[in-house]
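Since the structure comes first, as structure tokens, the remarks are kept for the end.
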Amino acid sequence: MSKAWTLVLGLPVVLGMGCSFIPLQVQTQAQTSGFGESEPVEVPPENRTAARVAEVEKKEDAEATRVEEIQVELASLRSKITEGKDLVDDARSFAEHVIELRRTKAARNGEIEVAKLELEAAGYLEKAIEKAPSLESFDLLTEVAPHADANAIVLRACHRVRPKVPAADVPSFTGACLSWAHDDPKKLKWASAASDVAQLRKIEAERVAAEAAAEEAERKAQAKTTRYVAAAEFAAGRCKFSNCLKDGWTTSTPEGDIDVRCSFGDCMKDGWEARYPDGTTARTRCSFSNCVKNGWETSFPDGTTARTRCSFSDCVKNGWETDLPGGETARTRCSFSDCSKDGWTTDLPGGRSVVCRCNFQKCFEDGATCN
């Protein structure tokens, strides 16, 4: 018996050839007709390979040309920055070119000293921030700066840029600076650093609490669905006295065993009662005294109900659908069109599925194991 709760035969415990001769000349005309355009000719595999190689070489040549252009532009910007006339714009442009350069194949192959250029760009941006602090320059700095060598540069920029940061962006800004400080608030030197960090911690704690609450709500919802389906699934467990139809069965769930008893000794006619581990009971009644043909209705301890309909009036062969409280539906398919022998699969709300297999191919006598 699997530890996973079982759904068995799912009577929810609660839950032409004509020939044509066309001259070759006519065929050729047809092939070349169509608004004066000929049909595409299939390219031999060897030619396709050559075309791909040519395309790759073309892209590599274009990238190599662009790398040369960037290096020339960097040299020009370096001279302009030295003059200092348009320091802010030139520093940003230099950083943007470095970012573009490090994405090239030449950079990945180590043909260019990207780290050295990144540190140079970070230095220029620091000077630009000293002259005109802005969040835009700061964001570019954190993107171009090599983390291992630019911590001090970024932290000094944090101090200068903080007064320019809009209130809504303070938490994310503080988080970025705190990351560059290796999570040491003492390294943040602006006046409101302590209160900004406190606000960030509060927001983070609220986010963690909200995620935990959402996970717990989902867990409870899944557990509730499990309780609903387990009580509305027929023979989903170990048969009592080798006769699920008469004596009932026991279904295992994460919360404990659900004990099921047939009403008046006939589950398929009169339904059954499922007692949960906490002592509450769910009651199932067969529709028109025939669960296998007409389905059933289950009343849960919380006052809600679930209705089960047999597919094509034959649950044992075609499976069934159970409308659960809250508008969700669990759908069951019989394996090889015989739930009593080969078991079934129940698709639960949320994308989960439970596969049940009859023990010794006798679900009504030996019960089922579900995973």
Side-chain angles (χ1 to χ4, degrees), residues 63 66-104 106-108 110-205 207:
E63 184 177 271
R66 179 55 185 157
V67 168
E68 294 176 358
E69 292 174 349
I70 293 175
Q71 291 176 321
V72 171
E73 290 168 0
L74 288 177
S76 175
L77 286 168
R78 193 177 285 116
S79 298
K80 291 181 180 180
I81 291 172
T82 301
E83 296 175 2
K85 293 181 179 180
D86 298 306
L87 176 60
V88 175
D89 290 340
D90 291 339
R92 289 182 182 179
S93 182
F94 190 96
E96 290 168 352
H97 280 75
V98 171
I99 292 172
E100 181 183 356
L101 190 61
R102 71 183 179 192
R103 295 169 181 162
T104 64
R108 293 193 297 271
E111 300 171 16
I112 301 172
E113 294 184 82
V114 176
K116 184 177 179 180
L117 289 172
E118 289 174 335
L119 193 58
E120 182 182 3
Y124 293 152
L125 284 171
E126 181 180 18
K127 292 180 180 179
I129 290 173
E130 288 178 5
K131 182 177 182 179
S134 71
L135 192 55
E136 292 76 16
S137 293
F138 177 81
D139 289 341
L140 191 56
L141 171 62
T142 58
E143 183 178 358
V144 74
H147 202 291
D149 301 315
N151 295 51
I153 293 177
V154 175
L155 290 177
R156 287 194 294 269
C158 287
H159 172 73
R160 296 185 177 97
V161 173
R162 171 59 184 88
K164 302 294 183 178
V165 179
D169 295 328
V170 169
S172 59
F173 174 83
T174 303
C177 292
L178 200 55
S179 175
W180 285 87
H182 300 293
D183 208 37
D184 184 357
K186 295 180 180 179
K187 294 181 179 180
L188 306 185
K189 300 302 182 179
W190 65 84
S192 61
S195 60
D196 290 347
V197 170
Q199 180 189 18
L200 175 64
R201 299 299 193 207
K202 180 181 178 181
I203 292 174
E204 290 176 339
R207 176 182 56 78

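From a predicted model like this one, the values you see are computed outputs, not experimental measurements. The figures that follow rest on heavy atoms only: side chains count, while hydrogens, waters and symmetry mates do not.
Taken from CD1 in Ile203 to CG in Leu200, the straight-line distance is 6.5 Å, to the nearest 0.5 Å. The CZ atom of Arg160 lies 4.0 Å from the CD atom of Glu130; values are rounded to the nearest 0.5 Å. For the atom pair CG (Leu77) and OG1 (Thr82), the distance works out to 10.5 Å, reported to the nearest 0.5 Å. If you take CG on Asp90 and NZ on Lys127, they are separated by 12.5 Å, rounding to the nearest 0.5 Å. Note: Ile70 CD1 to His97 NE2 = 6.5 Å, rounded to the nearest 0.5 Å. Interatomic distance, Lys131 NZ to Ile129 CD1, rounded to the nearest 0.5 Å: 13.5 Å.
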Would you please test Phe94 and Glu120 for side-chain contact (heavy atoms from CB on, under 4.5 Å) and show each step? CA-CA 9 Å; Phe94 190 96; Glu120 182 182 3; 3.6 Å; yes
Intermediate values then yes/no, side-chain contact (heavy atoms from CB on, under 4.5 Å), Val144 and Glu96: CA-CA 8 Å; Val144 74; Glu96 290 168 352; over 6 Å; no
Walk me through it: do Val72 and Glu68 pass the test side-chain contact (heavy atoms from CB on, under 4.5 Å)? CA-CA 6 Å; Val72 171; Glu68 294 176 358; 5.6 Å; no
Can you list the steps and then say if Thr174 with Val165 is a side-chain contact (heavy atoms from CB on, under 4.5 Å)? CA-CA 10 Å; Thr174 303; Val165 179; over 6 Å; no
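Side-chain atoms of Gln71 and Ile112, non-hydrogen and from C-beta on, do get closer than 4.5 Å to each other. Side chains of Val67 and Glu111 form no contact here, defined as non-hydrogen atoms less than 4.5 Å apart. In this structure, Leu117 and Arg102 have side chains that are not in contact, with every pair of non-hydrogen atoms separated by 4.5 Å or more.
Between Phe173 and Phe138, the ring-plane angle classifies as tilted under the 30° and 60° cut-offs.
Of all heavy-atom pairs between Ala115 and Pro146, the closest is O-CG, 4.4 Å. Of all non-hydrogen atoms in Cys177 and Leu155, the two that sit nearest each other are O-CD2, 3.6 Å. Nearest heavy-atom pair, Val88 versus Ala132, reported as atom, atom and distance to 0.1 Å: CG2-CB, 4.0 Å. The shortest non-hydrogen separation linking Thr104 to Leu101 is OG1-O, 2.6 Å. Taking every heavy atom of both residues into account, Leu125 and Ala95 meet most closely at CD1-CB, 3.8 Å.
For Ser137, the side chain to side chain donor-acceptor pair (under 3.5 Å) partners are Arg92, Ser134, not counting sequence neighbours.
At a threshold of 4.0 Å, the pair Arg201-Asp183 counts as salt-bridged, since one of the basic side-chain nitrogens sits closer than that to a carboxylate oxygen. Under 4.0 Å is where a charged nitrogen must lie from a carboxylate oxygen, and between Glu63 and Arg103 no such pair does. For Arg66 and Glu69, the salt-bridge test passes: some basic side-chain N is under 4.0 Å from an acidic carboxylate O.
Annotation: Glu113, atom CD; neighbour count of heavy atoms from other residues, nucleotides and ligands within 6.0 Å does not exceed 12. Within 6.0 Å of NZ on Lys116 lie no more than 12 heavy atoms contributed by other residues, nucleotides or ligands.
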